[in-house]
Amino acid sequence: MQLDNLYQEIILDHYRSPHHAGLADPYDVEVHHVNPSCGDEVTLRVELDGDTVKGVTHSSVGCSISQAATSVMSDLVIGKPVSEGMATYEKFLELMQGRGNVEPDEEVLEDGVAFAGVAQFPARVKCALLGWSAWRDATAQALAANEGVKNA
Amino acid sequence: MQLDNLYQEIILDHYRSPHHAGLADPYDVEVHHVNPSCGDEVTLRVELDGDTVKGVTHSSVGCSISQAATSVMSDLVIGKPVSEGMATYEKFLELMQGRGNVEPDEEVLEDGVAFAGVAQFPARVKCALLGWSAWRDATAQALAANEGVKNA
Amino acid sequence: MTDARTTFSSPLDLQSVRADFPILSRELAGGFPLVYLDSANSSQKPRQVVQAIEDHYLKHNANVARAMHQLGAEATAAYEGGRDKVAAFIGAPSRDEIVFTKNASEALNLAAHTLGASLKPGDVVVVSEMEHHSNIVPWQLACERTGATLKWFGVTEDGRLDLSNIDELLTEQTKVVALTWVSNALGTINPISDIAAKAHAVGATVVVDASQAVPQFPVDVSTLGADLLAFTGHKVVGPTGIGVLWGRYDLLASLPPFLGGGEMIEIVRMTGSTYAAPPARFEAGTPPIAQAVGLGAAVDYLSGIGMDKIAAHEHAIVEYALEGLKTVPGLKILGPQDATDHGGAISFALDGVHPHDVSTVLDTRGIAVRAGHHCARPVHERFGMQSSTRASFYLYTTPEEIEALVDGLGFVRKYFKVD
Amino acid sequence: MTDARTTFSSPLDLQSVRADFPILSRELAGGFPLVYLDSANSSQKPRQVVQAIEDHYLKHNANVARAMHQLGAEATAAYEGGRDKVAAFIGAPSRDEIVFTKNASEALNLAAHTLGASLKPGDVVVVSEMEHHSNIVPWQLACERTGATLKWFGVTEDGRLDLSNIDELLTEQTKVVALTWVSNALGTINPISDIAAKAHAVGATVVVDASQAVPQFPVDVSTLGADLLAFTGHKVVGPTGIGVLWGRYDLLASLPPFLGGGEMIEIVRMTGSTYAAPPARFEAGTPPIAQAVGLGAAVDYLSGIGMDKIAAHEHAIVEYALEGLKTVPGLKILGPQDATDHGGAISFALDGVHPHDVSTVLDTRGIAVRAGHHCARPVHERFGMQSSTRASFYLYTTPEEIEALVDGLGFVRKYFKVD
Ligand SMILES: Cc1ncc(COP(=O)(O)O)c(C=O)c1O
Ligand SMILES: Cc1ncc(COP(=O)(O)O)c(C=O)c1O
C-alpha cells in the first residue's frame, strides 16, 4: 500500500495534461462507458483506417487513475493495427490482475508500466481499465460496421 | 413433551366421531379456511338466529387436533349468543398461547380443557385454532349480512 | 432390519462428517438424541460455514463494489470469491453467469418476470404437476400478467413425469418449460436433458428448479441443457438468505432488469436509467454478502467431501430407507418405490394416522420429519391426498437413524392403536 | 481542532461501545488502526449479533412455519421473535405489519410493484432528486409498466427538499409519494410528517425510505404518517441479507402478491392459487431466518444503548465533523452546512483532487470513507458534480476519528500539492 507506487509521476503528468483529450471529428464510432460503482464516465471516439487505428479521442470525468490510463491507452493504440492494440490490452489486463506479481513489459506497455502499482489497489483496477473497455467496444463496433460495408 | 398430555382421550374421541360433522342446510354463510403451512382445510357453515348461533356444521381434512378442536368448538358455540361464543374463543386462545402456564376454566371451555396440553406443542397450536378462525369469520360475515338486511 | 443393515455401505466416514455438525449431537426433550430427517426442508450447517460467516462479520465486513477502501476490497473479494466458488461447483463456464438472489423462490420469480416480459396471449408455459409451489405460482402470475397459457406435465401412478403427451405440450407456441430436477415431495429424479433437447427443438427456454438436485449429486450446467437453473443456499449446508440463479450468459444479457436499485444500474437520471451487464443487472441493492461467503464455504465443504461420494451415500440411504419403510404395516410410499432415479426424500402415508400426528409422535422421540403437503399441494391432490409425512436425508444421515424412524413408526401405530 | 474538541460531548460510553465491535480494533496495511467512516454504506456488527447468528445455526437451525418438529418450533419462534423485536423497535401497532425482505431495495421494489399494480396512464408518482437509486429506479420501472408519470421534488442550493412547487406536485392525480427520510448523500433530514399530511390530503399513498433514518434516531411509525416504510438490516448493526417493509395493515391486506412461491400461498391448484394474509403474502420461499435472528439481536443491542442517546451522539459527531471539515482549505460541503436536521453523513469535494484519489490516500492511512455518487447520481448532477467523498458516522465513531479525517485531508492536499 505504498502511495507512491500508485501515484507515479508519469500518471500524475498524464492526469494533469491528458493526451488526445477532447472529442475530434471525423470518427467512426462514439461510445460512452461508465464505472457504475463509482460513477466515472468516459466518452470515446474511434476512427479506423482499414484495420489500423487512425484516431482515438476522449472526454471524461474521473479520477487520476482512470484519466491517466485513458491517456496512455490512446498513445499506445493510435497508429497501430487493431490486433496489436488488442494484444497490448491483454498485457495491460494481465498486469492489472497480477496483484503486483507480474513484471510489466516496457517494450509493449511504455508509459503503461507506471500502472504496475495499481494492481496492489484492487479497488482501483476498474479505474485503470475504463478507457480500455471503451476503446475495445468502440473498435469492435467500428470493425463490425466496416465488415457490413464490405459485405454490402 | 408428554404425548398423553397432547392426545387426551377426549380429543381422540372427538377425532374419531366429530360432532356436527357434515355440511347441513340451511345456512347463512359458508367459509373455507386453510392452514397454509401444513395444508389442513375446513369448510364450515353457520346459521344465526338473530344474535344467537343456531347451527354450525363442518367438513374438514386435517389432523386429530384440528378435527377434534372443530368438533369441540361446535359444541361450545351452538345455541349460545354470538358474544358468548366469541368470549369462549378468547378464553381458548389464551389457553393455547399460554405455553402451559394457564389454568383452563372448565366452566367455560368444557371439553376444550382437554387441549391444555397442545399449548406445550407450539407447532400444533395453529391446528387447534383452525376451526375457531373459520367460525369467527363465518359468524362475522353472517352478522354483517344481517346488519345489511336490517339497514335496507 | 438386521438383514438390510448388514448390506448398508457408504463411501462416507459418517462419524467424522457428523462431528462437523454440532447440532447433530443435541439432546431434545425427554433426553432423546436428535434424529434429523428433514434435510430436504433445510440442511444443517457445518462448523466451517458458520465460522466463515463469523470471520467475515468480525474481520472483513463492509459493503461491496462501491466501497473502495481496504475493508471494502476485502469484502468485495470475499463476496465475489463466493461467486467463483459457486460457478466452479456447478460447472458454469463463467462467473458472470451466477446471480445471487435471496432464495430459490426469488431466482424462479426472476426467471418468470424477465422471461415473462416477452410472453403474449397464445404463448404457452409448461410446468409439471410435481413442482414445488415456488415453480408454479410465479408462472401462474406471469401468465396472468401476459395472457399466456399455463400447461403442465402430469404425474404417473408410480410418481414419474407423464411424458406421454409431450408432443402436445411442446409445440411452436411453447416459450418456456420450467421443471424440477428432483421432486421434493416424491423424490423422483426427472430426465432433464432429454426434455430440454425436445424443448429446445421447438425453441422454448428451459428453466430448471435444481433446489433438490444441487445438494445431492454433482451438477454440470455446461452439459445439462438448461438455460436457467435455480437453487437455494440453505439446502446445500449453506446459510439462509441466499439463492442462486445460473443462466447462459447470452440469455441473461438479453433479459430486462427485474428489481431496480443500487448496483444494478449503469447511469441513473431522473428521466430514465440504463442498466449494468449481468450478473449485476439482477442484483439490486446490497447483496447477501456474508451469505455468499457462507455459501462459498458450504460448496467448498461439499466439494472437499466429494459430491460423487455424497450422491452414493444418498443412494445407499434411500435404498435402506425404502426397504425399512416397506416393513411397516399400512405404510404407503408416494412416488417411486425403489431407489432408481430417486433423490433423498421419501413421502408416505400411514393408514389410520394423520401425517401431523405421525410427525408429532415421532418428534416426541427426537425424530424430526416433515408433515403436510411440503409446498407441493398439486401432486398430493394428484394422489388424492391432503398431506403426507416426509423423511429426507443428507450426507450426515446414518442407517441407525433410519432404524430409529422405522421403530418410531411402529410406536406411532401402537400409540394410535392401528396395529 | 483543540477548541472544538473541548466542546465535544456525547451521552455514550464510547470505549465500552467500541469493545463490542471487534473489527474496530483491526490494524490495516502499514500498521494504521482502522478509522471506519463508512457506516452509511454499511455498519459494523457487534459481537452480540454475530453470536446470535452462530447460536441459531449451531443449535436451533431448521426451516420455519412448515416444520412442526422441536427444532422447527425453535427456529420459528426465533424467526418470529425477530419480527416482534423489529415491530417494537419502530413502534408498529402489530407484528403482522412487518414484512422481511432481502434488503431495503427489495422492500422498495415490493412497494413499487404492488402499489404499481393499480397505476394507470395519467396517474403521478412523486419522488425527489435526492433519492437513493433504490427509491428511483423501481418507480421508473413501475411508471414504464403502467404509463404513469414520474415527477420529483427538486433540491435547494443548501441541500433541502425544494417544497416551493409542492402544490403542483401533489394533486388529485398523485397516487404515490415516495421519499427518503434522511438523504444518504447530503445528510438532509426531510420533514416527512408534513409532506405526508399533504400527500394524504390528495389521497396519495406515502412510502418512506428510512434506510438512513432507522439506524440514527428513534422511529415511531404509528405517529409518522407514512403508509409504507423501508429499511435495511446491515445499516442497523444487523446482518446483510435482510430488509424490512413496514406497512399499515389494512393497506398491506389490500395489496396483491409480489413474488410467488412457498409460504405466501393459501391454496395452490394447477389452475390457480389463493394467497395468504400479510405478512406471509409477501414472503415467498424460505425467509432470511438466521438474518431475522441477527436483526432481532441488532435492534435489541441498539435499544439497550438507547436510540435517543445514539441520536444525540450522532448529532454531536456531525457537528464536530462539520466544524472540523470547514477548517480544511478548498473543501466544499454538499448539502446542509450545519448540524440542524442533519443525519450522520457528510459529502464533500476537495478542490483539485478527485474524490477517488482522496479516498485512496485516506485509505492508505487506515481511514475508510466512500467516494463516488453513493448511489445518488441525480443529486450529484444537481450540484454539477460527478462524484464526492463521503464520511459517515455511527454510535462507535469517536471525535479522535474525526480529527484523523481532518488531518488526513491535510495530508491529501499536501500529497497532491494543492496547498
Ligand atoms: C437512503 C437509502 N435507500 C436505500 C438504500 C438501499 O439499501 P440496500 O442496499 O440495503 O437495499 C440505501 C443504502 O444503500 C440508502 O442509503
Ligand atoms: C424443489 C424445490 N423448489 C424450490 C424450493 C424453494 O426454495 P426456497 O424456499 O429456498 O426459496 C424448494 C424448497 O423449499 C424445493 O424443494
Side-chain angles (χ1 to χ4, degrees), chain A residues 1-18 21 32-44 58-72 96 99-100 114-131 133-134, chain D residues 27-34 38 41-42 132-134 136-137 184-185 334 347 349-350 352-390 408 411-418:
Chain A
M1 297 273 307
Q2 283 302 309
L3 262 192
D4 295 343
N5 286 348
L6 180 65
Y7 295 111
Q8 307 254 341
E9 266 316 312
I10 304 179
I11 292 183
L12 295 178
D13 287 348
H14 276 276
Y15 173 47
R16 291 193 192 103
S17 17
H32 184 71
H33 273 223
V34 179
N35 181 342
S37 59
C38 67
D40 277 5
E41 301 182 21
V42 60
T43 306
L44 183 138
H58 52 88
S59 157
S60 50
V61 263
C63 63
S64 57
I65 304 296
S66 81
Q67 301 233 34
T70 303
S71 168
V72 170
M96 286 300 97
R99 299 193 154 269
F115 292 85
V118 176
Q120 288 161 41
F121 291 76
R124 305 302 297 273
V125 167
K126 272 191 196 167
C127 309
L129 294 174
L130 182 63
S133 94
Chain D
E27 238 184 38
L28 298 181
F32 287 93
L34 171 63
D38 197 20
N41 201 356
S42 199
H132 188 281
H133 294 162
S134 292
I136 299 175
V137 181
N184 69 310
L334 268 79
S347 296
L350 194 61
V353 192
H354 188 278
H356 301 170
D357 295 319
V358 172
S359 97
T360 292
V361 175
L362 292 176
D363 186 40
T364 59
R365 298 165 70 89
I367 303 167
V369 296
R370 184 169 174 187
H373 51 46
H374 326 315
C375 298
R377 189 181 180 281
V379 80
H380 280 84
E381 198 161 51
R382 154 71 182 81
F383 286 106
M385 300 172 70
Q386 177 251 359
S387 60
S388 64
T389 304
R390 182 185 71 186
F411 177 79
V412 170
R413 297 186 67 250
K414 266 198 218 101
Y415 190 81
F416 281 97
K417 309 197 174 68
V418 292

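Small disclaimer: the values here were computed from a predicted structure and weren't measured. Numbered from 1 within each chain, the chains take letters A, B, ... in sequence-line order.
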Side-chain heavy-atom pair Gln2(A), Thr364(D) within 4.5 angstrom cut-off: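 Side chain of Gln2(A) against side chain of Thr364(D), heavy atoms only: no contact under 4.5 Å found.
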
Contact check, side chains of His354(D) and Val61(A), non-hydrogen atoms, under 4.5 Å: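 His354(D) does not reach Val61(A) side chain to side chain.
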
Separation between CG of Asp40(A) and NE2 of His373(D), rounded to the nearest 0.5 Å: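 Asp40(A) CG to His373(D) NE2: 9.0 Å, rounded to 0.5 Å.
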
OG1 on Thr360(D) to CG on Leu3(A), rounded to 0.5 Å: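 Between atom CG of Leu3(A) and atom OG1 of Thr360(D) there are 8.0 Å.
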
Residue Tyr7(A) versus chain D: region with a heavy atom under 4.5 Å: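 Contact with chain D is through both the backbone and side chain of Tyr7(A).
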
Heavy-atom proximity to chain D below 4.5 Å, by part of Asn35(A):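 Looking at Asn35(A), nothing touches chain D.
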
Which atom of Phe416(D) lies closest to which atom of Leu12(A), heavy atoms considered: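 Minimum heavy-atom separation between Phe416(D) and Leu12(A): CE2-CD2, 3.8 Å.
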
Distance-minimising heavy-atom pair for Gln386(D) and Glu41(A):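 Result for this residue pair: NE2-N, 4.0 Å.
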
Lys/Arg N to Asp/Glu carboxylate O, Arg124(A) vs Asp357(D), below 4.0 Å: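 Salt bridge present between Arg124(A) and Asp357(D).
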
Set of residues satisfying ring-ring contact (aromatic ring centres under 6.0 Å, His included) with respect to His33(A), sequence neighbours excluded: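 Result, ring-ring contact (aromatic ring centres under 6.0 Å, His included) vs His33(A): none returned.
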
